[in-house]
Amino acid sequence: MTVVTRFAPSPTGLLHVGNLRTALFNWLFARKADGRFVLRLDDTDAERSRPEFADAIRRDLEWMGLDWDQELRQSERMDLYRARADELRGQGRLYPCWETPDELERKRKLRRMQGRPPIYDRAALALDEDERARLGAQRPPHWRFLLEHRREGWDDLFLGPREVDAASMSDPVLIREDGQFLYTLCSVADDADLGVTHVLRGADHVSNTAVQMQIFRALGAEAPVFGHHALLTGPGGAPLSKRLGGLSLADLRAQGVEPMALASILARLGGAAAPEPRLSLRELIAEFDPAAFGAAPAAFDPADARAMTARILRQTPYEAAAPALAARNADLGPRFWETVRENVDSWDEAAAWARILREGARPDVAPEDRAFVAEALALLPPRPWDETAWKRWTDAVKAASGRKGRALFLPLRKALTGKGSGPDMSRLMPLMQGPAPRPEDVSAD
C-alpha cells in the first residue's frame, strides 16, 4: 500500500504555525513511508477564498521546503461532489430540510430547556410529499446526512483508541440552501477519490471523524487511518487563528525566523522529546513518530522560534550558509562566517557585520572616552592586520594610558565596529576592509 496524506488549507487567510504543524506532520509521515503528499485547496467558499491567499500558501510551503506530489482545488471538482451527493440521495442517506436558522435555534433552545441534547430532531423526515412540495415552492432546502445511531471507533495515530457516539450528534448539513457543498462531503469525496490512506489533523476534528467514517462507508470506500494531534496555543494560551497577529508564517519570516527553526520546534512541540535544532528536514523525517505526542495543548512562542534560529545559525557550516549570505550581499568567505556565526541571531545580523567589515563603521564613543579613543587610534598598527593586531594594539594602548579590562577593551571595540559586543576582535580585525576611524573623527570639539 502506498501511503497518501494531504494538507487541505482554505485559502481564506494566511497560514499560521498551527496550520503549518498539520502540513508538516502529514509531509513527514508521507515522506517517511516513501509515500505521496497532496496539497488540496479547500476553496468552495467563493466569497472568502482569494487567489492571493492560495499563492501565499504555496509560497509558505515552498519556503519551508515542503514539496507536494499533486495539487488540486475543490472549486474545480464540483462534478465529483454532485455525483457523490446523488449516490447518497439514492440510498436515502441525504435528505432535504427546510428549517430556517431562526427555527433551528428555537428548537435547540427548547431541547436544552427540556434537558435534552440540542441536536436536530429529524422533523424533515416526517414530512409527506405535499408538505415537501409546499416548502420547496417557498425556498430551496439544505441537505443533511442521515447518521446511523451507533458508536464509531478507531485507533488514533496520536491519541490511541477513540470512540464517538453518533447518536449524540446532529445529522450534519452537507449542502447549504444556496447549493454550496460543505467541507464534510467534499473532504470525504476527495479522500476516497485520491486514495488518501492517512489523515493527520487537529484534535478539534475528532467529532467529525465519526461522521466522515459513516460517509466513507455509505460511499463504499474505506476510511483512512485518522490521527488527531493536540492543538497549539499562542504564548498566552489563546487558540491560534488566522487573525492572531505575529504568528503567521509571513510575520515570522519577516522577523528573521528560519524555516528549519520552525520545523525543528513544530516537529517535537508537545512530544516526549524537547525540540532540538535540526539542519535538514531529512533528520526530522527519521525522527517523526505520532505516538510520541501527548494530548495536552502545547504553547508556541515566537521568541522560541527566534532563539532556535540563532541555535541553527551557530551550527550551520559555511557551505550551507553561503546561499543565504550571498542573497544578502554578505558572503565574505568561510573565515567571515566562522568568525561571526556565534554572534548573530539572524541572516540580517550577519549582513550587518558584512557591511561593517566592507565599509567601516561609525565609531560609537562616549563623551568621556573621546580623548582616550583619539589617542588610541593614533597607535593603531599599520595594515594589513593579522590575528595579532588586536593584542598588539591593546597592549600599546594599555601601556600608554594605564587603562585595563573593560575600560580598555570596550571603547576600542566600539570605536572600530560601532557595537558594544560581537565576534572576537582578534579574528575580526583581519577581515576589516573599510577605512579605520581617525583620531580627528572622535576627538572632542
Side-chain angles (χ1 to χ4, degrees), residues 15-29 31-32 60-67 229-230 232-235 240 246-294 298-328 330-331 334-354 421-424 427:
L15 291 187
H16 58 63
V17 290
N19 308 133
L20 174 61
R21 189 168 184 241
T22 297
L24 179 65
F25 282 179
N26 281 280
W27 187 89
L28 292 172
F29 192 89
R31 295 299 181 243
K32 188 170 185 176
D60 284 341
L61 294 178
E62 289 169 350
W63 177 67
M64 288 297 304
L66 305 183
D67 58 339
H229 59 76
L232 292 183
T233 68
L240 299 184
L247 291 178
S248 74
L249 268 65
D251 291 330
L252 293 167
R253 185 161 58 242
Q255 295 172 33
V257 171
E258 275 294 286
M260 278 310 303
L262 283 177
S264 297
I265 291 173
L266 296 178
R268 283 193 172 183
L269 189 63
E276 291 292 337
R278 295 291 182 260
L279 301 186
S280 76
L281 290 170
R282 289 188 300 275
E283 297 175 74
L284 297 178
I285 290 172
E287 298 172 353
F288 183 64
D289 179 9
F293 291 85
F300 175 85
D301 191 334
D304 294 336
R306 293 190 290 271
M308 184 65 78
T309 293
R311 294 176 68 185
I312 285 176
L313 263 58
R314 284 155 175 69
Q315 295 183 17
T316 302
Y318 170 72
E319 293 74 15
L325 295 172
R328 294 162 175 81
D331 187 1
R335 287 183 62 197
F336 163 73
W337 180 240
E338 293 301 321
T339 298
V340 305
R341 69 177 182 176
E342 291 292 333
N343 296 91
V344 296
D345 293 342
S346 69
W347 296 114
D348 287 343
E349 289 185 14
W353 278 109
S421 62
D424 183 334
R427 299 177 63 190

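For the numbers below, each heavy atom of this structure counts, side chains included, while hydrogens, waters and symmetry mates do not. Along the sequence shown, residues are numbered consecutively beginning with 1.
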W353 vs T339, side chain to side chain contact (heavy atoms under 4.5 Å, CB included): CA-CA, chis, key distance, verdict: CA-CA 10 Å; W353 278 109; T339 298; over 6 Å; no
Partners passing side-chain hydrogen bond (donor to acceptor under 3.5 Å, both in side chains) against N26 (at least two apart in sequence or in another chain): none
Would you indicate whether the side-chain heavy atoms of P275 and M308 approach each other to under 4.5 Å? yes
Sequence neighbours left out, what passes side-chain hydrogen bond (donor to acceptor under 3.5 Å, both in side chains) with R427? Give chain and number order. none
For D301, check salt bridge (Lys or Arg N to Asp or Glu O under 4.0 Å) against everything at least two apart and list the hits. none
Locate the shortest heavy-atom distance separating A305 from L262; write the atom from each residue and the value. CB-CD2, 4.1 Å
Contacts of type side-chain contact (heavy atoms from CB on, under 4.5 Å), residue A321, not counting sequence neighbours: T316, L325, W337, W347
Evaluation steps, salt bridge (charged side-chain N to carboxylate O under 4.0 Å, His left out), between D348 and R328: CA-CA 8 Å; D348 287 343; R328 294 162 175 81; 3.4 Å; yes
Does the plane of the ring in F25 sit parallel, tilted or perpendicular to the ring in F288? Use 30° and 60° as the thresholds. tilted
How long is the gap from CZ on F300 to OG1 on T233, to the nearest 0.5 Å? 11.0 Å
Derivation and outcome, salt bridge (charged side-chain N to carboxylate O under 4.0 Å, His left out), residues D345 and R314: CA-CA 8 Å; D345 293 342; R314 284 155 175 69; 3.3 Å; yes
The side-chain contact (heavy atoms from CB on, under 4.5 Å) partners of A23 (sequence neighbours excluded) come to F7, L61, L66
Roughly how far, to the nearest 0.5 Å, is the CD atom of E287 from the NZ atom of K32? 9.0 Å
Checking D251 against S248 for the side chain to side chain donor-acceptor pair (under 3.5 Å) test, could you report, in this order, the C-alpha distance in whole Å, the side-chain angles of both residues, the deciding distance, and whether it holds? CA-CA 5 Å; D251 291 330; S248 74; 2.9 Å; yes
According to salt bridge (Lys or Arg N to Asp or Glu O under 4.0 Å), who are the partners of R31, at least two apart in sequence or on a separate chain? D67, D69
Would you please name every residue forming a side-chain hydrogen bond (donor to acceptor under 3.5 Å, both in side chains) with E338, sequence neighbours left out? R341
So, using ring pair (Phe, Tyr, Trp, His ring centres under 6.0 Å) as the criterion, who are the partners of F336 when residues are at least two apart? none
Interatomic spacing from CE in M260 to CD in Q315 - rounded to 0.5 Å: 10.5 Å
Run the numbers on Q255 and L252 for side chain to side chain contact (heavy atoms under 4.5 Å, CB included), then give the verdict. CA-CA 5 Å; Q255 295 172 33; L252 293 167; 4.1 Å; yes
Return the minimal non-hydrogen interatomic distance between N343 and E349, and the atom names on each side. O-OE1, 4.0 Å
How long is the gap from CG on L28 to CG on D289, to the nearest 0.5 Å? 11.5 Å
Ring pair (Phe, Tyr, Trp, His ring centres under 6.0 Å) filter on F29, not counting sequence neighbours, yields H198
Closest heavy-atom pair, G234 versus L247, reported as atoms and distance to 0.1 Å, is CA-CD1, 4.2 Å
If the condition is side-chain contact (heavy atoms from CB on, under 4.5 Å), which residues does A327 pass it with, not counting sequence neighbours? none
On a heavy-atom basis, the closest approach of D60 and A250 is OD1-N, 4.4 Å
Please report the C-alpha distance between Y318 and D331 in whole Å, then the side-chain angles of each, then the deciding distance to 0.1 Å, and finally whether the side chain to side chain contact (heavy atoms under 4.5 Å, CB included) criterion is met. CA-CA 9 Å; Y318 170 72; D331 187 1; 2.8 Å; yes
Find the distance between CE (M64) and CG (L281) and round it off to the nearest 0.5 Å. 6.5 Å
Nearest heavy atoms of L269 and R21, plus distance in Å: O-NH2, 2.7 Å
For S346, give me all partners under side-chain hydrogen bond (donor to acceptor under 3.5 Å, both in side chains), at least two apart in sequence or on another chain. none
Atom pair CG (L266) and CG (L284), whose distance is rounded to the nearest 0.5 Å: 10.0 Å
Closest heavy-atom pair, A263 versus L24, reported as atoms and distance to 0.1 Å, is O-CD2, 3.8 Å
Once side-chain contact (heavy atoms from CB on, under 4.5 Å) is applied, do any residues pair with P317, and if so which ones, sequence neighbours excluded? L279, E319, A320
